[in-house]
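Heads up, the thing below is written out as structure tokens.
Quick note on labels: first sequence line is chain A, next is B, and so on, each numbered from 1. Just so you know, these numbers use all the heavy atoms, side chains as well, and skip hydrogens, waters and symmetry mates.
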4 protein chains.
Amino acid sequence: MQFTIDNASNRPVYQQIVDQVKRDVALGRLVRDDKLPTVRRLAAQLVINPNTIAKAYRQMEQEGIITTKPGAGAFIALLDSNLSEIVRARIICERLEMVIVEAFHLQVQKESLREWFEKALEKFKFSPEKGLKNE
Amino acid sequence: MQFTIDNASNRPVYQQIVDQVKRDVALGRLVRDDKLPTVRRLAAQLVINPNTIAKAYRQMEQEGIITTKPGAGAFIALLDSNLSEIVRARIICERLEMVIVEAFHLQVQKESLREWFEKALEKFKFSPEKGLKNE
Amino acid sequence: MQFTIDNASNRPVYQQIVDQVKRDVALGRLVRDDKLPTVRRLAAQLVINPNTIAKAYRQMEQEGIITTKPGAGAFIALLDSNLSEIVRARIICERLEMVIVEAFHLQVQKESLREWFEKALEKFKFSPEKGLKNE
Amino acid sequence: MQFTIDNASNRPVYQQIVDQVKRDVALGRLVRDDKLPTVRRLAAQLVINPNTIAKAYRQMEQEGIITTKPGAGAFIALLDSNLSEIVRARIICERLEMVIVEAFHLQVQKESLREWFEKALEKFKFSPEKGLKNE
DNA sequence: GTGGTCTAGACCACC
DNA sequence: GTGGTCTAGACCACA
């Protein structure tokens, strides 16, 4: 797994690490039980304070993305959101709307937005739909 | 225009105000030349320091959402993004992908996501596409 | 980096700071990744409220001149204007015309103006022109 | 003389009026002894507070651009800057440098800047150079 | 009365 | 210790 930190970004460093792991999982590049680098090793590699890496790992564990086994390291966990259907819908719909509002103000055309959405959607390895005939 | 502030949110108060104005513009509830509440009035109404409101207005002005004129007030501006096409596409695509990654980890199905996206898209008043046959 | 504030000037203090940083970048005195003084340190040095410095830094960040990272400091960014060609041309042409009108009313001769323009132009470190044979 | 006020601009209304008169003088559209509209008339025409127009006229008189004859109206004055050569040079050079710095940060090429400068220069009616052979 | 600027001082997230 | 946010309150330019 290759991490890259963008120092020009406003996004906190620890958050960038979380983002990248989540993205790689969604892309299918990281799968269950894959081992992440140790905190120290990654800190050395990215030339970053180990506390920052530790914070990223802590957050990912909290989100259920990884499990850390003391002495063994950190591993990608089984996806299992414990949030209710309704809460999940609310979170995602709200975020979708915010992106759309942003696009509106950037005067992006509706069709471009649809196209970009579909293109982005294709990138990620969604599991086959349950209870749906096709997809 | 009705504002609501969620003090529990991580999102800064001034940003919440910006979000709401931008949303209302995109929904068509606010249109060009509509007058926003005065800084002091809105501050009193929301029980917030006037400087915080002023900060929100300043940010919106910088984004080109409104124009402020001392002595007159703040008004919805003509929307006209100064950003180049490439930058706009990059901003939106990146944000779309982040929402999709988030949805993936919440185990939202691809079809639900598509449906929510379309539903959200319908809410906002995009201008008719230029040079496209259908819309 | 040496800052000087003119309290007699109409130009806001925070804007004077922005001006000076931008000038030093254009002169080549400040280059990418150079660290700016911390907000508190500069505030102490100039005997100015830290919020005023912070405002200057915030504005520069929005203009893409610097990037600020809490816990690390503020750094000169890679310059990369997000604005479209047309907007950039409009901004600069308008400002050039205003200076010329000003010069006209001060009864400056056209030749003096040309000379001063060229002399000023030589001071700054423009990158070599892309795709042009000479320059 | 046609005035237009841009409400979207940050520039104060009274300043916009001054700008336009100065520009028209430099363009040769307004010459010595031309009569400006009365304060009341212009205020009515632009749908603006008469105080604002009065302020613009007051400033122009102070700058020596117009002379107001009570009861008769306001007239374009003879250009005659009483500032010393050195002061004038300092004012203009400083402003030229600021535009150039701005252009630098917008990543405008030096050649474009030269071209725009020349094009702008041609627009205005500079008087023939004194003591210079050609112009 | 409008927004803009500046000061003073508190608290928080990030590194 | 870094910058970011928010509050409180003063003064100024603009309309």
Contacting residues from residues 6-22 of chain A, given that a heavy atom lies under 4.0 angstrom of DNA chain F = none
Using a heavy-atom distance cut-off of less than 4.0 Å, which residues of residues 70-80 of chain B contact DNA chain F?
->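 Residues of residues 70-80 of chain B under 4.0 Å from DNA chain F: B:Pro70, B:Gly71.
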Taking for C:Arg40 and for B:Pro50 the nucleotide of DNA chain F with the nearest heavy atom, the one nearer the 5' end belongs to C:Arg40
How long is the gap from [atom1] on [X] to [atom2] on [Y], to the nearest 0.5 Å?
X	Y	atom1	atom2	result
A:Asp24	A:Leu27	CG	CG	6.0 Å
C:Arg58	B:Arg58	CZ	CZ	6.0 Å
C:Arg23	C:Leu30	CZ	CG	12.0 Å

Does B:Glu63 have any salt bridge (charged side-chain N to carboxylate O under 4.0 Å, His left out) partners at least two apart in sequence or in another chain, and if so, which?
-> B:Lys22
Residue met sooner reading DNA chain E from 5', once C:Lys69 and B:Pro37 are mapped to nucleotides |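 Nearest nucleotide further toward 5': that of B:Pro37.
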Which pair of heavy atoms, one from D:Ile65 and one from C:His105, lies closest together, and at what distance?
-> CG1-CD2, 4.1 Å
Taking all non-hydrogen atoms of both residues, which atom of A:Pro50 and which atom of A:Val39 are closest, and how far apart?
->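 A:Pro50 and A:Val39 have their closest heavy atoms at O-CG1, 3.6 Å.
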What donor-acceptor contacts under 3.5 angstrom involve side-chain atoms of residues 11-21 of chain D, with partners at least two apart or in another chain?
unit_1	atom_1	unit_2	atom_2	d
D:Arg11	NE	D:Asp19	OD2	2.5
D:Arg11	NH2	D:Asp19	OD1	3.4
D:Gln16	OE1	D:Asp6	N	2.8
D:Gln16	NE2	D:Asp6	O	3.1
D:Gln16	NE2	D:Arg11	O	2.9
D:Gln20	OE1	D:Thr4	N	3.0
D:Gln20	NE2	D:Thr4	O	2.5

Using a 4.0 Å heavy-atom cut-off across all strands, classify B:Ile48 as base, sugar-phosphate, or nothing.
->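 Sugar-phosphate: the residue B:Ile48, judged by heavy atoms under 4.0 Å, touches backbone atoms but no base.
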Answer whether the closest heavy-atom distance between the side chains of B:Gln45 and B:Gln2 falls below 4.5 Å.
->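 SC-SC contact between B:Gln45 and B:Gln2 confirmed.
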Taking side chain as C-beta onward, heavy atoms only, is B:Glu97 less than 4.5 Å from B:Glu102?
-> no
For residues 68-84 of chain B, dump all side-chain donor-acceptor pairs below 3.5 Å to protein atoms at least two apart in sequence or in another chain.
unit_1	atom_1	unit_2	atom_2	d
B:Thr68	OG1	B:Glu61	OE1	2.6
B:Lys69	NZ	D:Ser9	O	3.3
B:Ser81	OG	B:Leu83	N	3.2

Summary of salt bridge (Lys or Arg N to Asp or Glu O under 4.0 Å) pairs that have at least one residue in residues 34-52 of chain C, sequence neighbours excluded | none
Test ring-ring contact (aromatic ring centres under 6.0 Å, His included) applied to B:Phe104 - qualifying residues, sequence neighbours left out |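 ring-ring contact (aromatic ring centres under 6.0 Å, His included) check on B:Phe104 returns A:Phe126.
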Sequence-distant partners of B:Ala44, side chain to side chain contact (heavy atoms under 4.5 Å, CB included), two or more places apart = none
Who passes side chain to side chain contact (heavy atoms under 4.5 Å, CB included) against C:Glu94, sequence neighbours left out?
-> none
The helix from E:dG1-F:dC14 to E:dC14-F:dG1: angle between its terminal axes, five pairs each, to 10°?
-> 20°
Bounds of contact between DNA chain F and chain B, in 5' to 3' order, using a heavy-atom cut-off under 4.0 Å =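 On DNA chain F, the outermost contacted nucleotides are F:dT5 to F:dA15.
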Kindly indicate, with the supporting measurements, whether the criterion side-chain contact (heavy atoms from CB on, under 4.5 Å) is fulfilled by A:Leu42 and A:Thr38.
-> CA-CA 6 Å; A:Leu42 189 51; A:Thr38 66; over 6 Å; no
Could you list by number each residue of residues 51-64 of chain A showing a heavy-atom separation from DNA chain E of less than 4.0 Å, or answer none if no residue does?
->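 Output list: A:Thr52, A:Lys55.
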